[in-house]
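These numbers come from the heavy atoms of this one structure, side chains and all, not from hydrogens, waters or symmetry mates. The model shown is predicted, which means the values in this text are computed figures rather than measured ones.
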Amino acid sequence: VKVKIPFGNKYLDAIFSVPEKKPTYGVIVTHGAGGDMNFPQLVSLAAYLAFRGVLCLRFTCKGLNVAYRTKAFRTVVEYLKLSDDYKLSGVFLAGRSMGSRAAASVTRQLSQDNDDGFIQGLVCLSYPLHRPKLQSKLRDEDLLLIRCPVLFVSGSADEMCEKKLLEGVVSKMKAHKKIHWIDKANHGMAVKGRTTDDVMEEINAQVFSWLRENVELEHK
């Protein structure tokens, strides 16, 4: 279901992947610095989740400013929360690369502003913890302040998220957290010798099982 979500004086393009049965929980997901909501990883994840009873709303927000992307993400969360078509008990915020930075920022803001339990957790796919070759400056300020459960899915060879550095940040986080490493994957989740579909299947299955651990989802 395609929708246009009002954002200031323009609109954000978004697509709902709707399960057959009435969903209790949803996931809002957005893309990285390049691409849009039709980025293959997001489309694959949305279809996988919807088939298993989780509503998925993916949206496009072009812009390389994290504050702007965060504002857009927050608008989408409010839109879904007030939606008459889908009455959800809660949502998980998710993003790929830069989109996961925006998701982390919104998660921190909303849980500090009004913790009504609507935000159930955060999923970071290829979280860009630092710029390539610039490991001294970590983008960890939001992560350290988040209180709800967080799942990281990262490639062990990600040039923007060195394994030891992410493990160090995660060890300082107060939230309930988990890291799933995709062996030998780079920032784009490409792995030599494995098909894209094979890698996506691993990512999708990890995300779904983690969601299920954190809410009592009916397992199909």
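- The distance from the NZ atom of K81 to the CD1 atom of I28 is 10.5 Å, given to the nearest 0.5 Å.
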Take F92 and W210 through the ring-ring contact (aromatic ring centres under 6.0 Å, His included) test and state the conclusion after the steps. CA-CA 11 Å; F92 291 84; W210 180 82; 5.7 Å; yes
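- Scanning both residues, K87 and D84, for their nearest heavy atoms gives NZ-OD1, 3.3 Å.
- Under the side chain to side chain contact (heavy atoms under 4.5 Å, CB included) criterion, R131 pairs with L134, R139, not counting sequence neighbours.
- With a 6.0 Å cutoff to the six-membered ring centre and a 45° limit on the axis angle, R52 counts as a cation-pi contact of Y48.
- A side-chain donor-acceptor contact under 3.5 Å links K177 to the backbone of M173.
- By the rule that hydrophobic residues join a cluster once side-chain heavy atoms approach within less than 4.5 Å of another member, V77 and Y11 end up as members of separate clusters.
- C148 pairs in a side chain to side chain contact (heavy atoms under 4.5 Å, CB included) with only one of the listed residues (T107, N214, L110), which is T107.
- With a 4.5 Å cut-off on side-chain heavy atoms, P19 and F51 do not count as touching.
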Between C124 and L122, is a side chain to side chain contact (heavy atoms under 4.5 Å, CB included) present by the stated rule, with each step listed? CA-CA 7 Å; C124 295; L122 169 68; 3.8 Å; yes
List, one per line, each side-chain donor-acceptor pair under 3.5 Å for residues 153-161, sequence neighbours excluded.
unit_1, atom_1, unit_2, atom_2, d
S156, OG, K184, N, 2.7
D158, OD1, M160, N, 2.7
D158, OD1, H187, ND1, 2.9
D158, OD2, H187, ND1, 2.9
E159, OE1, H187, N, 3.3

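- Shown are R58, K62, K4; of these, the side chain to side chain donor-acceptor pair (under 3.5 Å) with D13 is made only by K4.
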Any chance you could lay out the ring-ring contact (aromatic ring centres under 6.0 Å, His included) test for F7 and F73, step after step, and finish with the verdict? CA-CA 10 Å; F7 178 50; F73 207 129; over 10 Å; no
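- Pairing each heavy atom of G95 with each of S100, the nearest pair is O-CB, 3.2 Å.
- When every heavy atom of L211 is checked against every heavy atom of L49, the shortest pair comes out as CD1-CD2, 3.7 Å.
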For residues 164-171, which side-chain donor-acceptor pairs fall under 3.5 Å, sequence neighbours excluded?
unit_1, atom_1, unit_2, atom_2, d
E167, OE2, K163, NZ, 3.4
E167, OE2, W181, NE1, 3.4
S171, OG, G168, O, 2.6

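- A side chain to side chain contact (heavy atoms under 4.5 Å, CB included) with V106 is found for exactly one of T30, T75, T70, namely T70.
- Remark: D197 engages no residue in a salt bridge (charged side-chain N to carboxylate O under 4.0 Å, His left out) (not counting sequence neighbours).
- To the nearest 0.5 Å, atoms CD (Q109) and CG (L145) are separated by 11.5 Å.
- Between F118 and V91 there is a side-chain heavy-atom pair separated by less than 4.5 Å.
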F59/I15 under side chain to side chain contact (heavy atoms under 4.5 Å, CB included): CA gap, chis, key distance, verdict: CA-CA 6 Å; F59 72 94; I15 292 180; over 6 Å; no
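- For R69 (side chain) and C61 (main-chain N/O), a donor-acceptor pair under 3.5 Å exists by modelled atom type.
- Within the 4.5 Å cutoff, side-chain heavy atoms of R194 are placed close to those of I182.
- For the residue pair H31/Q41, the side-chain donor-acceptor check at 3.5 Å is not satisfied.
- Side-chain contact between D36 and L42 is absent, with no heavy-atom pair separated by less than 4.5 Å.
- By the criterion of side-chain heavy atoms lying less than 4.5 angstrom apart, applied directly or through intervening Ile, Leu, Val, Met, Phe, Trp or Tyr residues, Y25 is grouped together with V123 in one hydrophobic cluster.
- The two residues R96 and G188 make their nearest non-hydrogen contact at NH1-CA, 4.1 Å.
- Cluster annotation: F208 and V199 are assigned to the same hydrophobic cluster (Ile/Leu/Val/Met/Phe/Trp/Tyr, side-chain heavy-atom contacts under 4.5 Å, transitive).
- The nearest pair of heavy atoms linking M200 to P40 is CE-O, 3.4 Å.
- In this structure F16 satisfies the side chain to side chain contact (heavy atoms under 4.5 Å, CB included) test together with V1, V3, V18, L55, L57, Y79, L80, Y86, sequence neighbours excluded.
- For the atom pair CG of N65 and NZ of K71, the computed distance is 10.0 Å after rounding to the nearest 0.5 Å.
- Annotation for A104 and I146: closest pair O-CD1, 3.6 Å, computed over non-hydrogen atoms.
- Residues satisfying the side chain to side chain contact (heavy atoms under 4.5 Å, CB included) criterion with N9, sequence neighbours excluded, are absent altogether.
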Walk me through whether I203 and L45 qualify under side chain to side chain contact (heavy atoms under 4.5 Å, CB included). CA-CA 8 Å; I203 294 170; L45 179 64; 5.5 Å; no
The test is side chain to side chain contact (heavy atoms under 4.5 Å, CB included); show your working for V150 and H176 and say whether it passes. CA-CA 6 Å; V150 185; H176 183 72; over 6 Å; no
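- Side-chain atoms of N186 come within 3.5 Å of backbone atoms of M189 as a donor-acceptor pair (strictly under, hydrogens ignored).
- Using a 4.5 Å cut-off on side-chain heavy atoms (C-beta onward), S97 and L125 make no contact.
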